[in-house]
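Step one of this worksheet: look at the structure below.
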Amino acid sequence: MISAGVVRTAEEAPDTPEARQARAIANLLPTPSLLAKARILHHEDEGYTGIRFDTSAGPVVLMMPVEAGFEYHVVHETDEGPNILRSYPGTLRPQAVAFRFAEYMRQQFGQ
């Protein structure tokens with residue numbers, strides 16, 4: 001968790017609907033190598049919860065929707081700032097998000 005610019009341990013992580021959703025999606029990732037790289041991130045300073053993956057091209061984050069009706073975003077964090085690579089409808093079930101995201105990561109980053 002990141003709050004006030006300080007990284008805290010997982011024991012201090014919030015138990016929000018977004019956090020539960022991120023854990024559900026991470027647990028449903030169909031690729032073991034991708035699952036091994038998954039880290040739940042609660043970035044209170046930026047106001048999002050996501051699943052972070054370190055890739056050879058830099059960190060990629062699957063951001064959870066902030067409210068009902070919003071989308072999931074796949075964001076590449078670069079030195080120039082975040083870059084949205086892809087979005088998925090917020091109405092998708094966790095299984096569908098996990099599958100689509102894993103397939104995207106395989107195609108784009110060989111993960």
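FYI, side chains are in, hydrogens and waters are out, and symmetry mates aren't considered; it's all heavy atoms of this structure. In this text, all values refer to a predicted model and were calculated from it rather than measured experimentally.
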Which atom pair, heavy atoms only, marks the closest approach of Pro59 to Arg52? CG-NH2, 2.9 Å

Close side-chain approach of Ile25 to Gln21, heavy-atom, < 4.5 Å: yes

Could you check whether any side-chain heavy atom of Glu77 comes within less than 4.5 Å of a side-chain heavy atom of Val61, counting everything from C-beta outward? yes

Thr49 side, atom OG1; Leu41 side, atom CG - distance, nearest 0.5 Å: 7.5 Å

Please identify each residue that fulfils side-chain hydrogen bond (donor to acceptor under 3.5 Å, both in side chains) with Tyr104, with sequence neighbours left out. none

side-chain contact (heavy atoms from CB on, under 4.5 Å) evaluation trace for Ile84 with Val74: CA-CA 6 Å; Ile84 297 176; Val74 178; over 6 Å; no

More than 12 non-hydrogen atoms from neighbouring residues, nucleotides or ligands closer than 6.0 Å to CZ on Phe99, yes or no? no

Does Arg100 come within less than 4.0 Å of Glu103, counting only side-chain N to carboxylate O? no

Step by step, work out the side-chain contact (heavy atoms from CB on, under 4.5 Å) result for Arg23 and Ile40. CA-CA 7 Å; Arg23 287 190 297 272; Ile40 306 297; 4.2 Å; yes

d(Asn83 CG, His73 NE2) to nearest 0.5 Å is 12.5 Å

Check whether His76 reaches the backbone of Ala57 with its side chain - one donor and one acceptor, N or O, closer than 3.5 Å. yes

Less than 4.5 Å apart, any side-chain heavy atom of Leu85 and any of Val75? no

Between Leu28 and Met105, is there shared hydrophobic-cluster membership here, with clusters defined by ILVMFWY side-chain heavy atoms closer than 4.5 Å? no

Name the residue from Arg86, Met63, Met64 that meets the side chain to side chain contact (heavy atoms under 4.5 Å, CB included) definition with Tyr72. Met64

For residues Ile51 and Arg39, determine if any side-chain heavy atom of one lies less than 4.5 Å from a side-chain heavy atom of the other. no

Roughly how far apart are Leu62 CG and Phe101 CZ, rounded to 0.5 Å? 5.0 Å

Can you confirm whether Lys37 sits close enough to Asp54 that some side-chain heavy atom of one is under 4.5 Å from a side-chain heavy atom of the other? no

Test side-chain contact (heavy atoms from CB on, under 4.5 Å) on Phe53 and Leu29 and set out the steps. CA-CA 12 Å; Phe53 303 85; Leu29 289 169; 3.8 Å; yes

Could you tell me whether Arg20 atom CZ has more than 12 heavy atoms of other residues or ligands within 6.0 Å of it? yes

Using modelled atom types only, decide if a donor and an acceptor are shared between the side chain of Thr78 and the backbone of Gly81 within a distance under 3.5 Å. yes

If hydrophobic residues (ILVMFWY) are linked whenever their side-chain heavy atoms come closer than 4.5 Å, directly or via other members, who joins Val66 in its cluster? Phe70

